Amino acid sequence: MQRMARYKEVIGQMLAAGTAYHCYTSIEALDALRAEQEANKEKPRYDGLWRPEPGKTLPAIPPGLSPVVRFRNPAAGVVAWDDLVKGRIEISNAELDDFIIARADGTPTYNFCVVVDDWDMRISHVIRGDDHVNNTPRQINLLQALGAPVPRYGHVSMILGDDGTKLSKRHGAVSVMQYDENGYLPEAVLNYLARLGWSHGDEEIFSLEQFVEWFDLDHITASAAQFNTEKLNWLNAHYIKLADDARLGGEIVRRLAEEGVTVTAGPDPALIAALYKDRVVNLNELADCAHPFYAAVHPSEELAAQHLTAAAKAALADLRGRLAGVEWVAAELAKVLKETLASTGLKMPQVAIPLRVALLGQPQSPAIDRVLAVLGRDEVLKRLERLV
RNA sequence: GACCCUAUCGUCUAGAGGCCUAGGACAAUACCCUUUCACGGUAUGAACCGGGGUUCGAAUCCCCGUGGGGUCGCCA
């Protein structure tokens, strides 16, 4: 705490001015008091034993006990402010007790420090979470006792978890880094969070620049909002479609590396990004899609039994024969595929699906000619030979 | 328990007394597209928490109730 000297200075001034006083009630005595008040269903609060009043005789100072310093909160009246998001809020001083501004060891407490800091830094606007509204009247009273200007306050509501309950470590991300790990693009997270609890007419999708331009305190919702992963997913899918292939390729590399998969021997990751970007919801899914392009594929027994039938294998063998000399571009590969259909008398899905299983270990994929083009001649022939 | 905040489709929200037969988006459902699965397109269903006021007129203002959230530390 580099500002300790300043805090002590202010505390000294308040003691001298009579806006603060020493209190010798021990922690144990305070605990007992609280317990008693709770038992009586009263609001737990300091009883004002050491608060100086005109004509009041204070108890004898107990020996060997260091006092805390308490703020002498106004006894009557109300403290009110026009909250930038919630409107006028009034709280009766009778609800506020004399809170501690310096502990027995002399260190100042939070509510005191922030007030002195705000004052020294000439803070004009305090925008913070809802959970601070109850601190605001104390801080305003302190500021006024100090003769300091009172900033404008705006209290933004809390975000609830997907299930409507309070956000916790168990559900909902606590750290923004969690979103990266879960495959979310930063622009999607920003857009989603911006739109949660704030609006600009019917706009759903906007850039950082637009957000900066449009944002205002007037359109912040006063009530708590529930987090909705599905909508975040939708935005994420949207931004993935927009993202540059090379950037997405980089994400594939990074995420595959965490699984111990290297891409150096396989196709350019940007090509795979182009192939899959408009069908995935997050970057981890994208990496999963890319996986079979860089690692050996082993179709499950169930898939093999279902799709790699004798007829299918014959068709794949036919195709393999035609693949050897063809120009390796999607359009030409599609022609070759049609030749196989003609010669075997099968329909497209009857060949394409076994081909997907053989090549990627999955019965679904983007257009098969594009997959072939990206996978590459050598790898395609190698994988077909192993199975057929 | 006390005090404070809050309340429109399942969810995020538009709405600042008449423009509201309540708009948009996600999700849902149906159909279309399709070489599979997705993507995409089109369409449909879906809400003003309840009760009292105020007013010619209320989703919008006031009161009460109820629900939800927050705070009650020599924590921050």
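To find a chain, count down the sequence lines: A is the first, B the second, and so on, and within it residues start at 1. Nothing here was measured: the structure is a model prediction, and the numbers come from that model.
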Any [X] side-chain heavy atom under 4.5 Å of [Y] side chain:
| X | Y | result |
| --- | --- | --- |
| A:Leu372 | A:Leu359 | yes |
| A:Tyr294 | A:Glu259 | no |
| A:Asn233 | A:Asn282 | no |
| A:Arg377 | A:Val326 | yes |
| A:Lys86 | A:Asp130 | yes |

*What residue among A:Arg51, A:Arg70, A:Arg45 forms side-chain hydrogen bond (donor to acceptor under 3.5 Å, both in side chains) with A:Asp98?*
A:Arg51
Interatomic distance at [atom1], [N] relative to [M], whole Å:
| N | M | atom1 | answer |
| --- | --- | --- | --- |
| B:rG1 | B:rC9 | P | 27 Å |
| B:rU66 | B:rG24 | C1' | 30 Å |
| B:rA46 | B:rU55 | P | 35 Å |
| B:rU54 | B:rC63 | C1' | 11 Å |
| B:rC56 | B:rG17 | C1' | 12 Å |
| B:rA58 | B:rC5 | C1' | 23 Å |
| B:rA7 | B:rA47 | C1' | 12 Å |
| B:rA25 | B:rG45 | P | 14 Å |

Phosphate OP1/OP2 of [N] contacted by [X] side-chain N/O (<4.0 Å):
| X | N | result |
| --- | --- | --- |
| A:Arg103 | B:rA76 | yes |
| A:Arg34 | B:rA2 | no |
| A:Lys43 | B:rU71 | no |

Per [X] side chain, nearest of listed nucleotides [options]:
| X | options | answer |
| --- | --- | --- |
| A:Ile89 | B:rC4, B:rC26, B:rA76 | B:rC4 |
| A:Lys86 | B:rC5, B:rG1, B:rA76 | B:rC5 |
| A:Asn134 | B:rG70, B:rC74, B:rA2 | B:rG70 |

*Could you check which residues of residues 73-84 of chain A get a heavy atom under 4.0 Å from RNA chain B? Sort them by number, please.*
none
Just the rounded figure in Å: distance from [atom2] of [N] to [atom1] of [X].
| X | N | atom1 | atom2 | result |
| --- | --- | --- | --- | --- |
| A:Asp98 | B:rC72 | CG | C1' | 15 Å |
| A:Tyr110 | B:rC74 | OH | P | 16 Å |
| A:Arg128 | B:rG70 | CZ | P | 17 Å |
| A:Ile101 | B:rC75 | CD1 | P | 14 Å |
| A:Ile100 | B:rA76 | CD1 | P | 11 Å |

*asked:* Give me the atom names and distance for the closest heavy-atom approach of A:Phe206 to A:Ala194.
replied: CE1-CB, 3.7 Å
Is it true that [X] and [Y] make a salt bridge, defined as a side-chain N closer than 4.0 Å to a carboxylate O?
| X | Y | value |
| --- | --- | --- |
| A:Arg138 | A:Asp97 | yes |
| A:Arg3 | A:Glu9 | no |
| A:Glu251 | A:Arg247 | no |

_Reading RNA chain B from 5' onward, which residue's closest nucleotide shows up sooner: A:Arg70 or A:Asp278?_
A:Asp278
*Whichever of A:Arg88 and A:Val280 has its nearest RNA chain B nucleotide further upstream toward 5'*: A:Arg88
Counting the atoms with a prime plus P, OP1 and OP2 as sugar-phosphate, which does [X] contact under 4.0 Å by heavy atoms, base, sugar-phosphate, or nothing?
| X | result |
| --- | --- |
| A:Asn135 | base |
| A:Thr25 | base |
| A:Lys347 | nothing |
| A:Asn111 | base |

Do any N or O atoms of the protein come closer than 3.5 Å to N or O atoms of nucleotides 10-16 of chain B, and which pairs are they?
residue	atom	partner	partner atom	Å
B:rC12	OP1	A:Gln226	N	3.0
B:rC12	O2'	A:Arg195	O	3.3
B:rC12	O2	A:Lys231	NZ	3.3
B:rU13	OP1	A:Gly197	N	2.7
B:rU13	OP1	A:Thr221	OG1	3.4
B:rU13	O3'	A:Ser199	OG	3.4
B:rU13	O2'	A:Arg195	NH2	3.1
B:rA14	OP1	A:Ser199	OG	2.9

*How are the rings of A:His22 and A:Tyr24 set to each other: parallel, tilted or perpendicular (split at 30° and 60°)?*
tilted
Got a list of protein N/O to nucleotides 34-36 of chain B N/O distances below 3.5 Å?
residue	atom	partner	partner atom	Å
B:rU36	O2	A:Ser365	N	3.2
B:rU36	N3	A:Arg356	NH2	3.0
B:rU36	N3	A:Ser365	O	2.4
B:rU36	O4	A:Arg356	NH2	3.4
B:rU36	O4	A:Ser365	O	3.1
B:rU36	O4	A:Ala367	N	3.3

Assigned partner base of [N], Watson-Crick or wobble definition, under 3.5 Å:
| N | value |
| --- | --- |
| B:rC39 | none |
| B:rG67 | B:rU6 |
| B:rA25 | B:rU11 |
| B:rG1 | B:rC72 |

*Which ILVMFWY residues can you reach from A:Ile100 by hopping between side chains whose heavy atoms are under 4.5 Å apart?*
A:Val68
*Taking ILVMFWY side chains as joined if any heavy atoms are under 4.5 angstrom apart, and letting links pass through other members, which residues group with A:Val329?*
none
*Quick check, are the ring centers of A:Tyr192 and A:Phe227 under 6.0 angstrom apart?*
yes
Determine whether the side chains of [X] and [Y] contain a donor N or O and an acceptor N or O closer than 3.5 Å.
| X | Y | value |
| --- | --- | --- |
| A:Asp105 | A:Thr107 | yes |
| A:Asn135 | A:Tyr110 | no |
| A:Arg255 | A:Asn284 | yes |

Restricting both atoms to N or O, compile the protein contacts to nucleotides 61-63 of chain B shorter than 3.5 Å, with distance only.
none

